[in-house]
Amino acid sequence: MSEPVYEVVIQESHLYELQDHLLGDPRTEYAAYLLCGRSVHPRKVKLLVQEIIKLRAEDFITQRSDRLQISPETVARVMKRARLNNQSIVLTHSHPFCRDEVDFSWVDDQGDIESFNNFYQRVPEGPHASLVFGQRVVCGRVWLPDAVMHQLAHITLIGSTISKIPANGRQAQHALYHQETHDRQVQAFGADGQKRIAETVVAVVGAGGTGSVVIDQLIRLGVQRLIVVDDDHVEASNTSRIYNSTLEDITSRRAKVEIVERLANSVGFGTEVSTIKGNIISEAIALELRQADVIFCCTDNQWSRAILNQFVYQYLTPVIDMGNRIDSRNGHITAANGRVYLILPKQACLWCYGVLDGKRIAEESLPREERGKLAQEGYVTGADISAPSVIFLNTVVAGLAVAEFVNLVTNYMGRSYHPQLTYHPVTGEVKSTVYEANPSCACTTGKHTAQGDKLRLPCR
């Protein structure tokens with residue numbers, strides 16, 4: 001198996017705080033430690049920044065414009081903290097005299113080898129990393145045991161938008177785009193915007209009514225790597241709502257994820273699709289989502305939503321949740337709406353929005369036999385009961401969700417995201433709502449933030 005991609009994931013406010021500290025004085029080098037949670041997947045390893053330890057004058061033996069030497073007492077204090085909290089260490093410092101290119105000096109090379117050998121003796125569970133900041137660029141590398149070093153691919157910045165900052169010490173090159181397949185999109189988002197769409201790894205949980213629409217649009221938008229999770233197969237009632245399904249899929253009991261593979265192959269854009277026939281209530285399957293930069297939640301149950309809701313904060317990964325509801329009586333629609341929530345770290349979560357219901361989650365987590373028995377006795381309501389659903393409502397809601405995704409990675413709208421969008425098909429209105437986070441909620445207290453693999457997800 002090839003080496004994984006390594007990246008550092010940092011929230012926007014943390015990055016600005018770090019840059020202000022490191023680059024505030026152009027005459028002197030400064031340093032800081034980042035203490036990080038870990039997300040370790042065979043294809044992608046992320047260091048999730050939890051805390052910045054800014055080093056002051058008293059933390060150095062030497063601090064000049066061309067050299068830093070951190071005191072042993074400071075190093076020991078940081079290592080002890082990282083070991084007690086089971087965190088990775090990222091050593092950062094500045095070369096303030098560098099503007100558009102930056103690299104580690106030979107002094108940095110020798111110092112890092114000594115420092116990271118020391119780190120692994122006291123904090124053996126890595127990886128650890130080092131970053132050097134110039135005024136407009138950053139260079140990074142990951143250190144494994146025995147002084148094995150790998151290039152850090154990029155820093156993923158999470159704020160009202162997400163972006164990838166190259167960690168090769170040079171500024172990102174403007175994209176050149178010549179493919180006619182996405183020419184109209186390049187006219188809308190620019191070549192750089194199209195490149196960001198292509199490079200974003202997207203996961204879609206649920207390949208049914210809304211999920212099939214999202215998947216079709218992502219493939220045609222040019223997303224080059226797609227992860228799709230669904231444990232179901234096509235049934236007769238699905239074909240009127242699942243894009244690209246056929247009546248033959250019913251008789252062959254084709255898995256919904258197989259339709260995704262068939263679609264990607266037929267479109268021919270070279271999209272790499274990783275399909276998983278399973279359910280994220282299994283932790284092994286939920287952890288496959290660690291590869292993703294953005295996740296779409298297209299499920300119709302509370303338990304999956306609760307898992308993905310925690311995933312946002314625990315793994316610093318935005319989730320776009322959607323759903324719709326139709327109330328009907330005697331074959332007539334009495335009320336209908338569709339909604340989209342964009343959940344980001346440091347913002348209100350689905351608990352704050354009132355979307356998640358602890359009682360429903362507890363019911364859904366029961367074994368199927370026990371849930372059926374309790375339903376018969378009247379203790380469980382609404383379990384395994386089909387609800388009205390129509391393709392046009394799924395399509396509109398999924399389209400709104402994909403529009404928020406494109407804005408998240410390209411900022412083409414020139415504004416921050418919509419935390420909640422609600423579509424009312426009867427009136428044709430789309431309304432945006434902002435909710436305040438509950439001060440006692442885990443999304444505010446930071447209970448799960450950037451903990452990564454250290455915590456268990458609320459799976460079975």
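Proximity of Tyr33 to Thr92: side-chain heavy atoms (C-beta onward) are nowhere separated by under 4.5 Å. In this structure, the side chains of Phe405 and Val409 come closer than 4.5 Å at one or more pairs of heavy atoms. A 4.5 Å side-chain heavy-atom check between Leu35 and Val78 finds at least one atom pair inside the cut-off. Taking the side chain as every heavy atom from C-beta outward, Gln420 and Tyr435 approach each other to under 4.5 Å. Residues Val223 and Thr271 are not in side-chain contact: their nearest non-hydrogen atoms beyond the backbone lie 4.5 Å or more apart. A heavy-atom distance below 4.5 Å is not found between the side chains of Val90 and Val49. Put simply, the side chain of Ser237 reaches to within 4.5 Å of the side chain of Arg241, judged on heavy atoms. Looking at Thr317 and Ile158, their side chains never come closer than 4.5 Å, going by heavy atoms from C-beta outward.
Judged by distance alone, with hydrogens and angles left aside, the side-chain atoms of Asn238 form a donor-acceptor pair with the main-chain N or O of Glu235 at under 3.5 Å. Not a single donor-acceptor pair under 3.5 Å links the side chain of Ser88 to the backbone N or O of Cys36. The main-chain N or O of Glu288 is found under 3.5 Å from a side-chain atom of Gln291 such that the two form a donor-acceptor pair. With Ser212 contributing its side chain and Ile242 its backbone, the two residues share no donor-acceptor pair below 3.5 Å. No donor-acceptor pair under 3.5 Å is formed between the side chain of Thr210 and the backbone N or O of Ala398. A donor-acceptor contact shorter than 3.5 Å is absent between the side chain of Asn244 and the backbone of Ile259. Formation of a donor-acceptor pair under 3.5 Å by the Arg38 side chain with backbone atoms of Gly126 is found in this model. With Asn407 contributing its side chain and Met413 its backbone, the two residues share a donor-acceptor pair below 3.5 Å. A donor-acceptor contact shorter than 3.5 Å is absent between the side chain of Arg122 and the backbone of Lys80. The backbone N or O of Gly452 sits less than 3.5 Å from a side-chain atom of Gln314, completing a donor-acceptor pair.
Closest heavy-atom contact between Cys297 and Val319: CB-CG1, 4.1 Å. Considering every non-hydrogen atom in both Ile89 and Phe116, the closest pair reads O-CE2, 4.3 Å. Across Gln50 and Gly37, no two heavy atoms sit closer than the pair OE1-N, 3.6 Å. In plain terms, the two heavy atoms of Ala336 and Ile326 that are nearest each other are CB-CG1, 4.2 Å. The shortest non-hydrogen separation linking Thr246 to Thr239 is O-CG2, 3.5 Å. When every heavy atom of Leu152 is checked against every heavy atom of Leu131, the shortest pair comes out as CD2-CD2, 3.6 Å.
Annotation: side chain to side chain donor-acceptor pair (under 3.5 Å) contacts of Ser440 (sequence neighbours excluded): Asn438. For the side chain to side chain donor-acceptor pair (under 3.5 Å) test, residues two or more places apart in sequence or in another chain that qualify with Arg81 are Glu51. Partners of Tyr313 by ring pair (Phe, Tyr, Trp, His ring centres under 6.0 Å), not counting sequence neighbours: none found. Checked against side-chain contact (heavy atoms from CB on, under 4.5 Å), Gln224 has the following partners two or more places apart in sequence or in another chain: Ala198. The ring pair (Phe, Tyr, Trp, His ring centres under 6.0 Å) search around His233 returns none, not counting sequence neighbours. When the salt bridge (Lys or Arg N to Asp or Glu O under 4.0 Å) test is applied to Arg456, the partners found at least two apart in sequence or on another chain are Glu283. Applying the ring pair (Phe, Tyr, Trp, His ring centres under 6.0 Å) rule to Phe133 yields no partners; only residues at least two apart in sequence or on another chain are considered. Considering only residues two or more places apart in sequence or on other chains, Asp216 meets the salt bridge (Lys or Arg N to Asp or Glu O under 4.0 Å) condition with Arg220. With sequence neighbours left out, the side-chain contact (heavy atoms from CB on, under 4.5 Å) criterion links Asp357 to Gln302, Lys359, Arg360.
Checking Asn411, Leu316, Leu157, Val294 one by one against Ile162, the side chain to side chain contact (heavy atoms under 4.5 Å, CB included) holds for a single residue, Val294.
To the nearest 0.5 Å, the span separating CG on Asn301 from OG1 on Thr299 amounts to 4.5 Å. Distance CG/Leu221 to CD/Gln185: 5.0 Å, rounded to 0.5 Å. With rounding to the nearest 0.5 Å, the separation of OH in Tyr423 from CD in Glu429 is 10.5 Å. Phe296 CZ to Leu226 CG: the interatomic distance, rounded to the nearest 0.5 Å, is 9.5 Å. The distance from the CG atom of Leu263 to the CD1 atom of Ile219 is 4.0 Å, given to the nearest 0.5 Å. Here OG1 of Thr395 is found 11.0 Å from CG of Leu400. Values are rounded to the nearest 0.5 Å.
For Arg339 and Asp321, the salt-bridge test passes: some basic side-chain N is under 4.0 Å from an acidic carboxylate O.
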What do the steps show when you test Asp327 against Arg325 for side-chain contact (heavy atoms from CB on, under 4.5 Å), and what is the final call?
-> CA-CA 7 Å; Asp327 294 330; Arg325 176 176 176 175; 3.1 Å; yes
Step by step, work out the salt bridge (Lys or Arg N to Asp or Glu O under 4.0 Å) result for Glu248 and Arg262.
-> CA-CA 14 Å; Glu248 193 276 328; Arg262 185 177 68 196; 5.0 Å; no
Under the salt bridge (Lys or Arg N to Asp or Glu O under 4.0 Å) criterion, do Arg196 and Asp293 qualify, and how do the steps go?
-> CA-CA 11 Å; Arg196 288 193 289 270; Asp293 300 311; over 6 Å; no
Evaluate side-chain contact (heavy atoms from CB on, under 4.5 Å) for Val340 paired with Leu342, printing each intermediate quantity in order.
-> CA-CA 7 Å; Val340 175; Leu342 176 53; 5.8 Å; no
Pairs under 3.5 angstrom only: tabulate donor-acceptor contacts from the side chains of residues 5-14 to other protein residues two or more places apart or in another chain.
{"unit_1": "Tyr6", "atom_1": "OH", "unit_2": "Glu3", "atom_2": "OE1", "d": "3.2"}
{"unit_1": "Glu7", "atom_1": "OE1", "unit_2": "His154", "atom_2": "NE2", "d": "3.0"}
{"unit_1": "Glu7", "atom_1": "OE2", "unit_2": "Thr156", "atom_2": "OG1", "d": "2.9"}
{"unit_1": "Glu12", "atom_1": "OE2", "unit_2": "Tyr16", "atom_2": "OH", "d": "3.4"}
{"unit_1": "Ser13", "atom_1": "OG", "unit_2": "Lys346", "atom_2": "NZ", "d": "2.9"}

Under 3.5 Å, which donor-acceptor pairs do the side chains of residues 348-356 form with other protein atoms, sequence neighbours left out?
none

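There is no side-chain donor-acceptor pair under 3.5 Å between Ser39 and Arg290. Inspection of the Asn265 and Glu261 side chains reveals no N or O donor paired with an N or O acceptor under 3.5 Å. Counted by atom type alone, Ser282 and Asn279 present zero donor-acceptor pairs between their side chains at under 3.5 Å.
Applying the ring pair (Phe, Tyr, Trp, His ring centres under 6.0 Å) test to pairs two or more places apart or on separate chains, those with a residue in residues 243-295 are His182-Phe269.
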